[in-house]
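Model, not experiment: these values are computed from the prediction. Positions are given from 1 along the sequence.
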Amino acid sequence: MKNRRRIWEGVAGIAAAFVIFVLPFIFIFLMAMKSKQEAALMSFSLPANFLFWENLIEVVKARDYMLLTAYLNSIIITVGSVAILVIFGAMVGFVLQRRRSRWNNVIYGFVLAGLM
């Protein structure tokens, strides 16, 4: 009896996760494949004509390729911040491992809270 209940709880959890996380992406891809008139209807149906690549190229070309500039800026900021974070994290870890004090546990707590 307990096993059946756990199985149904697992199935319900997977179904809820699908509805919350996967279904919106399916809706986005369906809308991206439609023409402007079909997309304006906001129906969850397949398009009459698949225009995915044409729509994607139009979005990338819009506003003088601003989307590509935004991606480049995001990559630069992300790579720079992760590199700085790794360097400072290694420096702090080196010092914490070799210098014993009563503050180490407090600092470890803050580091773990930051990771979470």
Side-chain angles (χ1 to χ4, degrees):
M1 188 69 179
K2 274 189 173 182
N3 286 338
R4 281 189 177 175
R5 183 176 180 198
R6 284 189 179 184
I7 289 173
W8 283 111
E9 287 174 354
V11 168
I14 290 172
F18 181 81
V19 168
I20 292 171
F21 296 109
V22 177
L23 212 57
F25 284 106
I26 293 173
F27 187 73
I28 289 169
F29 281 117
L30 280 175
M31 290 298 118
M33 292 181 200
K34 295 180 179 184
S35 65
K36 289 182 182 180
Q37 294 80 17
E38 287 179 315
L41 297 175
M42 299 291 286
S43 65
F44 203 92
S45 62
L46 290 174
N49 296 326
F50 289 92
L51 302 172
F52 183 75
W53 291 111
E54 292 85 355
N55 290 340
L56 186 66
I57 290 170
E58 185 179 335
V59 167
V60 170
K61 285 183 178 179
R63 299 181 72 185
D64 202 23
Y65 296 94
M66 190 167 94
L67 183 67
L68 296 179
T69 304
Y71 280 138
L72 180 65
N73 290 342
S74 296
I75 289 170
I76 291 169
I77 290 170
T78 302
V79 169
S81 63
V82 168
I84 290 170
L85 187 68
V86 167
I87 290 169
F88 281 119
M91 291 166 56
V92 168
F94 182 84
V95 171
L96 283 177
Q97 186 63 32
R98 283 160 178 74
R99 186 179 295 170
R100 301 285 180 200
S101 75
R102 59 187 172 138
W103 291 99
N104 279 8
N105 288 336
V106 174
I107 295 171
Y108 287 143
F110 281 122
V111 168
L112 287 176
L115 289 173
M116 286 181 217

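- Here ring-ring contact (aromatic ring centres under 6.0 Å, His included) pairs that include residues 32-51, with residues two or more places apart or in two chains, are F27-F44.
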Distance-only donor-acceptor hits, side chain of residues 104-116, under 3.5 Å, sequence neighbours excluded:
unit_1 : atom_1 : unit_2 : atom_2 : d
N104   : OD1    : S101   : OG     : 3.4
N104   : ND2    : L96    : O      : 3.4
N104   : ND2    : R99    : O      : 3.2

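- A donor-acceptor pair under 3.5 Å links the side-chain atoms of S81 to the main chain of T78, judged by distance alone.
- Here CG of L30 is found 7.5 Å from OG of S45. Values are rounded to the nearest 0.5 Å.
- Between the side chain of N55 and the backbone N or O of K34, at least one donor-acceptor pair lies under 3.5 Å.
- Around the CG atom of N3, the shell of radius 6.0 Å holds no more than 12 heavy atoms that belong to other residues, nucleotides or ligands.
- The structure places CD of E58 at 10.5 Å from CG of L56, a figure rounded to the nearest 0.5 Å.
- Annotation for L72: hydrophobic cluster partners, listed by chain and number, are I76 (ILVMFWY side-chain heavy atoms under 4.5 Å, direct or chained).
- Here the straight-line distance linking atom CD of E9 with atom CD1 of I14 works out to 12.0 Å at 0.5 Å rounding.
- With sequence neighbours excluded, no residue satisfies ring-ring contact (aromatic ring centres under 6.0 Å, His included) with F52.
- From L51, atom CG reaches atom CD of E38 across 7.5 Å, with rounding to the nearest 0.5 Å.
- One hydrophobic cluster, built from ILVMFWY side chains closer than 4.5 Å, holds both M33 and W53.
- A single hydrophobic cluster is seen to contain both L46 and M31, as judged by linkage of ILVMFWY side chains at heavy-atom distances under 4.5 Å, directly or through other members.
- The other members of the hydrophobic cluster of I84, by chain and number, are I87, F88, M91 (side-chain heavy atoms under 4.5 Å, ILVMFWY only).
- If you chain together ILVMFWY residues whose side-chain heavy atoms come under 4.5 Å of each other, V60 ends up grouped with V59, Y65, L67, L68, Y71.
- For the residue pair V19 and L23, the shortest heavy atom distance occurs at O-CB, 3.5 Å.
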